[in-house]
Amino acid sequence: MNRIKYLFCLLVVCSFDHASAQIFGGTPPSVKWKVVHSVPANIIYPPGLDSEAREVAFLVTALSKTTLRTIGDQQKPIDIVFHNLTTIPNGYVQLAPFRSEFQLTPEQNSFDLGSLPWYQTLAIHEYRHVQQYNNFRVGLSKAFYILFGQDGLAFANSLSVPNWLFEGDAVFQETLVSQQGRGRLPLFLAGFESLWVSEKNYSWMKLRNGSYRDFTPNWYPLGYMLVAYGREKYGSNFWDKTAREAAAFKGLFYPLQNSIKRNAGVTFDTFRVKAMNYFRDQLPEDAFTSEPAMYGKKMPHFVADELFPQFTDSNHLVFLNSSYRLPPEFVLQQTGSEKLTRIKFQAVVLDQTFTYRNHKIVYTAYEPDLRWGWRDYSVLRIIDVDTKKDIRLLGKTKYFSPDISPDGKSVVAVNMARTGKSSLDIVDIQSGKILRQIPNPDMLIYTYPKFFSEEQLVTAVRNKKGQMGLMRVDILSGNQQLLVDWSMEPLGFISVENSRIYFTRTFNEHDQGFCWQDGQIYQMNDEASAGNYQLSGGIWEINLE
């Protein structure tokens, strides 16, 4: 019997590519928890998040009545725990013990996860995982649960239901019940679109498992395409039957592939090819002959991500170079040359945004708390390009997307408070002293602020409805002026050059570059690329004439 237990434990360890227990150290005991009770979930949260807790309770109650039938009919309550001391935007559902944990600091990049209030997106996505686990306790998986508890259920489900189905189904729920969801965001499928137009016909196993040599999107977009196609082709209850048969190990070996063959009438290989072709065929014809497509076709392997390019002068660019061979590094490149000169390796970051001005680079770095596992920080760091020194400006902060003032004496950054409120802080670049905190009476979420002048800022903003706009803010008075009207279309990646504001906005199901100047908005030439992001003024001058 002991040998059987040993072998089972060994199988559990080997079956997970990522396993995690409860966070060591947890939350400081000074946090006094509160609870909102509902039938499907108990929301456990710190003080100051009462309205968010009530809204999440309402959302999961509504989801338990509207989307449960597409995955089964079993509903069991769960505890949902809010964490507001972290800087990592994340959430998960886990067995042993059965719970969900929400990390409530939103991401700056709205093209990645959307602009809905972050706790709403978490509730919609993570509660789908709750519904999955509640209804995957069937057949042989149920036998594992009876014998070994929740650990046994987790083991059986990981063997029978792949992660692409778990996450693809949850992303589909985001898209189904909200005004956004990643299925509506162009950036979400842009990786696959780039592979298609570049004629990178990778094998299923390479797309499924990833590569250290070539760029491959992860299992979220892969799973979304397969799940969405299954529902479109075979009906809204296709995955209800298919996924639960797989969780029950009906067919024992390769249970999901066998279940798809029974319920779709085609082999899994045929199903996945048709699913991906369904999305590939929606691309316009000129996408396959565009200049970006030609560039992709001639590149045999992934080289590097080149992020946030900015001119240091008329002949040089600085940007963040991120390859599979080296840690991300700030580099300098002369225009027309392929040679890169390293300035400094980047510290560990959550948000790769940085700004260059006056021979200095400012960015924010991730720092864990030395004692508490559910508390970490995002701190301002300044690199002197001439001396290569990388100095931390402030500690124990939650700052994001910094920008250096035109005179080089201060930095503006988004400050995310533990209550979920954001502010724009002006920080002295020498002492780290907060010079001014701009009022935020409308409870907006600020992203990517930039100095428009010494007296004014421009920033992308999200409101409580999830709408986004472009706003100019007076530093001294705090007065705000909306330059681009509210819309559910994400907006961000702002840069300023010669009184022109460059930004990216989703438009006609595509992330396109725009320029604001003197009250007029110009659309940039996109050349049929998968998307235009992180525009730099000097690169686009010709397109404004």
Task: Set of residues satisfying side chain to side chain contact (heavy atoms under 4.5 Å, CB included) with respect to V35, sequence neighbours excluded - done: H37, N42, I44
- [ ] Report the residues that fulfil side chain to side chain contact (heavy atoms under 4.5 Å, CB included) with L476, sequence neighbours left out, ordered by chain and then residue number.
- [x] R436, D474
Does any donor atom in the side chain of [X] or [Y] lie under 3.5 Å from an acceptor atom in the other side chain?
| X | Y | result |
| --- | --- | --- |
| S487 | Q467 | no |
| Y92 | E101 | yes |
| H125 | E174 | yes |
| D351 | T364 | no |
| D50 | Y45 | yes |
| S410 | S405 | yes |
| Q310 | S536 | no |

Open item on the list: Run L491 and F503 through side-chain contact (heavy atoms from CB on, under 4.5 Å) and show every step you take.
Closed with: CA-CA 7 Å; L491 185 154; F503 60 95; 3.9 Å; yes
Salt bridge (charged side-chain N to carboxylate O under 4.0 Å, His left out) contacts in which one or both residues fall within [range], not counting sequence neighbours:
| range | result |
| --- | --- |
| residues 411-433 | none |
| residues 447-462 | D403-K450 |
| residues 360-378 | E367-R392, D369-R375 |
| residues 325-334 | E329-R342 |

Task: Residues D214 and K200 bridged, charged N to O under 4.0 Å - done: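 Answer for the salt bridge query: no.
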TODO: Could I get the full list of ring pair (Phe, Tyr, Trp, His ring centres under 6.0 Å) partners for Y399, not counting sequence neighbours?
DONE: none
Minimum heavy-atom distance [X]-[Y], with the two atoms named:
| X | Y | result |
| --- | --- | --- |
| T86 | K398 | O-NZ, 3.2 Å |
| L185 | L113 | CD1-C, 3.7 Å |
| S100 | V93 | OG-CG2, 3.6 Å |
| L470 | A460 | CD1-N, 4.4 Å |

Open item on the list: Check for me whether the distance between the ring centres of Y324 and Y212 falls short of 6.0 Å.
Closed with: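 No, the ring of Y324 stays outside the 6.0 Å limit from the ring of Y212, centre to centre.
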Assess whether atom [atom1] of [X] is packed by more than 12 heavy atoms of other residues, nucleotides or ligands within 6.0 Å.
| X | atom1 | result |
| --- | --- | --- |
| Q179 | CD | no |
| H359 | NE2 | no |
| K206 | NZ | yes |
| Y295 | OH | no |
| K388 | NZ | yes |

Can you list the residues that meet the side chain to side chain donor-acceptor pair (under 3.5 Å) rule with [X], with sequence neighbours excluded?
| X | result |
| --- | --- |
| E52 | none |
| Q480 | Y446 |
| R381 | D390 |
| N508 | none |

- [ ] Could you go through the side chain to side chain donor-acceptor pair (under 3.5 Å) check for Q108 and T447 one step at a time?
- [x] CA-CA 5 Å; Q108 287 281 291; T447 63; 5.0 Å; no
Open item on the list: As a quick check of understanding, evaluate side-chain contact (heavy atoms from CB on, under 4.5 Å) for H129 and E167, giving each step before the final call.
Closed with: CA-CA 8 Å; H129 293 320; E167 298 300 347; 3.1 Å; yes
Task: Candidate pair L394 and V379, rule side-chain contact (heavy atoms from CB on, under 4.5 Å), full reasoning - done: CA-CA 6 Å; L394 282 173; V379 302; 5.8 Å; no
Open item on the list: Can you pull out every ring pair (Phe, Tyr, Trp, His ring centres under 6.0 Å) where at least one residue sits in residues 95-124? Sequence neighbours excluded, please.
Closed with: F82-F102, F111-F493, F111-Y533
Task: Residue that, paired with F330, satisfies ring-ring contact (aromatic ring centres under 6.0 Å, His included) out of Y356, Y363, F319 - done: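 Only one option passes, and that is Y363.
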TODO: Applying salt bridge (charged side-chain N to carboxylate O under 4.0 Å, His left out), run through D442 and K464 and close with a yes or a no.
DONE: CA-CA 9 Å; D442 297 323; K464 294 180 179 180; over 6 Å; no
